[in-house]
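Chain letters run A, B, ... following the sequence lines, proteins first, then strands; residues in each count from 1.
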Amino acid sequence: MNWADELTKNLNGPQADAVRHTQGPVLALAGAGSGKTRTIVHRIGYLIHVDGVKPWRIVAVTFTNKAAQEMQQRTIDIVGPVAADCLIRTYHSFGLYLLRQLAQYLEMPASFTIWDEADQQSVIQTILTSKFNLNLNKTQVRYFAQTFSSFKDSLISPDELADEVDLDQYEYGEIMQEAYHLYEQQKKQSIAMDFADLLYQPVRVLQSVPEALEKYRNRYRYFLVDEYQDTNYAQYMLINLLAGAERNLFVVGDDDQAIYGWRGADVTNILNFNQDYPDALVIKLEENYRSTQPILDLANSVIANNSNRMEKRLFTSLTEGSLPKLTVLPDDNSEAIFIAEQIARLSQSIHHDEIAVLYRTNAQSRLFEEALLQRKIPYRVFGGTAFFARKEVKDVLAYLRFIDNPFDEVSFIRAVTTPPRGIGEKSLEKIYAARFDNPEHSFLAIIGRAATLEIPAKAQLALTELHDWITEMRARVKKQVDLGLLLEDILDRSGLLAAFEEEDRLLGTNRLEHITELKNSMLDFQTRRPEGLLSDYLQDISLYTSTADLNPEGAGKAVNLMTIHNAKGLEFEVVFITGMDEDIFPHYLAQRNGDIEEERRLFYVAVTRAKRILQLTRAKRRMMGGQYQQTRPSVFLGEIPPGMLKMEETTAATSPVATYKKTFQAPSRKPVTGEKFKNMITAAANADSSVNPNFKPGDRVKHPNFGTGKVLRIEGSGESAKIHIFFSDNKSRKFLLRYTNLEKL
DNA sequence: CTTGAAGCGATTTTT
DNA sequence: TCGCTTCAAG
């Protein structure tokens, strides 16, 4: 086979130029749907098969996990299995990969812990209270965390801060430098890195250690960067440092799709590429192969409202196509149900994984999940904090992380206080003080000397016990272990298992179900990387946010639920853009910050994800802060010329919501929504026991665990109904009615 | 001192 | 609805 022909024959002129021009800098200005990924993938193939470049000399980076996975898969499909040796990663994953190898230059072991935002914020919170006597709320603490990250995105260390920025323009400017410094110090003492470090630290090492730079410049010779318009300074430096010698740098981007300004992304990185590399070949990809003309018309008419854009004229040969539609629903619930029904209808002709439901904020996903679950339509939720931010998951991970890294302050605190074992604020302060005096000793070592701490005997005992079994576990994980068994041991010995069981039973949570999911991810990991250690697993998952990231193969035939940010770089036959209401999209905070043009680009990104069918929805009322509020239509709707959008409105009376509620209002089985519905499916196995008679105050009842008692009162109704029972042990307890197996006497 | 219960407000997008 | 803060009992 002639690879040169094979890899260019299905490309248009400019695409083929971009693929063939493998030496030296190339900038591809690529409109939405113009075959960016396709070009990158074919270029990788050309490098390997025509130029004879070794795959491991090729680095390709993009932004989101899903986009990276997709690029990797498509490369293997087109180029062959040899492409598995290319480094196709997200920026952060590439940064982590380098950082592990460069950690020695930072006097850090390669197996550091990675702190997410919540971890970061809890450390900053502690610093602000203990060192500055500032008791700030969550929003203010988040502000500190974001500010520190923005410094690192701009490659500014605590020492350089005063010279580089005008601290007066920052709130708390007078303590900013000191706080930033303390945070970095604590982090180092915890043997931890935050997300910004994954880029900042490798860049700093490459800048200051010539031999390190030399080594990686030698190893990696070809760089391909997707979404270049969204790079921040640290990302820009990382790539340009490494590619700077050979200058085989291929970047693609579109200024109309710049949507990460809030994270320090700088569009001028792409606009100035020509100044960085005056000899760069500039290629324009303007033919759209993705969407039909009506979809493109809508996209173009909206983005035209932005000033300061590079003129581009996107065209397509797919002139036929149905008009995009806007459906106005009475409320957010009916919006979700409407979408679920549309999807059910489309299922006849279109695969579920060719359908995407897009929203502006992760919080909006809940109603869609519920509606899809009710109709048994499979779905996957991308991004968000859906899984790894769950309390039970973080609880278990805290133990795993503490076992892996006994210096980690965040994991230690969480593990030692969850579940409660008599260690409170005061005891923790004592532990802190001891650690402050001996920063070279781990938290584990310090609780190993519990007897020397001035804390209650009960607390000493608890600490010693914890120390002993954590030590035992640490000995175990030095070698390769079955992570699933380890997890079970931890659940058991920590007391978490009992706590979760109790909660699931009394409150109807799904904690153990989520733990099982975590366990599955471990089994998955061990299948994928049989040599993998606990620390590898922990670093691996730290870059994932949802279970959808966890098992890419599990994609199957599920509908995709994601934010618009997460959808960038992807395409679907059918796209729903939801929440077309003022303050939702554009988001009111963006509006307030004057980022309306970025919101408009976001809308442009959303629209251009659709290949054939584009459906917009909005709701006239939405549940906000516990009550319904009227909404106004998004400004973006007003920017669409009449005739480009078909409109329809459905009313409450015909809304499926009402019908649904009625069907399920039967007294024997309480109505269920969302998460709870899942329980019902599981509960369906022992269906008979889930049928409760109606109880009223005064009834005598028997509870399987607490024996007989008298009903005091029923609080609330429907799925959230709670029953208060006074038991024969003279104690009253309350339960969620629908999860309690009560027998009427 | 620690913990559970009651009461109150909720501020975005990614890794 | 959820999670955090406040308060009082053990």
Describe the nucleic acid contact of [X] in one word from base, sugar-phosphate, nothing, applying a heavy-atom distance below 4.0 Å.
{"X": "A:S427", "result": "sugar-phosphate"}
{"X": "A:E598", "result": "nothing"}
{"X": "A:Y91", "result": "nothing"}
{"X": "A:N593", "result": "base"}
{"X": "A:I423", "result": "sugar-phosphate"}
{"X": "A:R601", "result": "nothing"}

> Does A:Q364 use its side chain to pair, donor to acceptor, with the backbone of A:R360 at less than 3.5 Å?
Replying inline: yes
Side chain of [X], heavy atoms from C-beta onward: which of [options] has the nearest atom to it?
{"X": "A:T361", "options": "B:dT11, B:dT15, B:dT12", "result": "B:dT12"}
{"X": "A:H587", "options": "B:dT15, B:dG4, B:dT12", "result": "B:dT12"}
{"X": "A:N362", "options": "B:dT14, B:dT15, B:dT11", "result": "B:dT14"}
{"X": "A:K426", "options": "B:dT11, B:dT14, B:dC1", "result": "B:dC1"}
{"X": "A:H92", "options": "B:dT15, B:dT14, B:dT2", "result": "B:dT15"}
{"X": "A:T90", "options": "B:dT13, B:dT11, B:dT15", "result": "B:dT15"}
{"X": "A:K138", "options": "B:dT11, B:dT12, C:dC4", "result": "C:dC4"}

Whole angstrom value for the distance that separates [atom2] of [N] from [atom1] of [X]:
{"X": "A:Y143", "N": "B:dT11", "atom1": "OH", "atom2": "P", "answer": "19 Å"}
{"X": "A:L561", "N": "B:dT13", "atom1": "CG", "atom2": "P", "answer": "14 Å"}
{"X": "A:W115", "N": "B:dT14", "atom1": "CH2", "atom2": "P", "answer": "23 Å"}
{"X": "A:E369", "N": "C:dT1", "atom1": "CD", "atom2": "P", "answer": "15 Å"}
{"X": "A:I584", "N": "B:dT13", "atom1": "CD1", "atom2": "P", "answer": "12 Å"}
{"X": "A:R360", "N": "B:dT14", "atom1": "CZ", "atom2": "C1'", "answer": "12 Å"}
{"X": "A:Q146", "N": "B:dT13", "atom1": "CD", "atom2": "P", "answer": "11 Å"}
{"X": "A:K66", "N": "B:dT15", "atom1": "NZ", "atom2": "P", "answer": "12 Å"}

> Between A:F148 and A:Y200, does the ring centre distance come in under 6.0 Å?
Replying inline: no
>> Could you check, using the six-membered ring where one of them is a Trp, whether A:F63 and A:H92 have ring centers closer than 6.0 angstrom?
In response: no
> Nearest heavy-atom pair of A:F112 and A:A103: which atoms, and what distance?
Replying inline: CE2-CB, 4.4 Å
>> It should be established whether A:T563 places a side-chain nitrogen or oxygen under 4.0 Å from OP1 or OP2 of nucleotide B:dT12.
In response: no
> Between B:dT14 and A:N65, is there an OP1 or OP2 to side-chain N/O distance shorter than 4.0 Å?
Replying inline: no
> Under the 5.5 Å and 30° test, is A:W262 stacked on the base of B:dT13?
Replying inline: yes
>> Does the Lys NZ or Arg CZ of A:R621 fall within the cation-pi geometry relative to A:Y628 - under 6.0 Å from the ring centre and within 45° of the axis?
In response: yes
> Could A:R100 and A:D536 be called an ion pair, given the rule that one side-chain N must be under 4.0 Å from one carboxylate O?
Replying inline: yes
> Toward the 5' end of DNA chain B, which comes first, A:E599 or A:S93, by nearest nucleotide?
Replying inline: A:E599
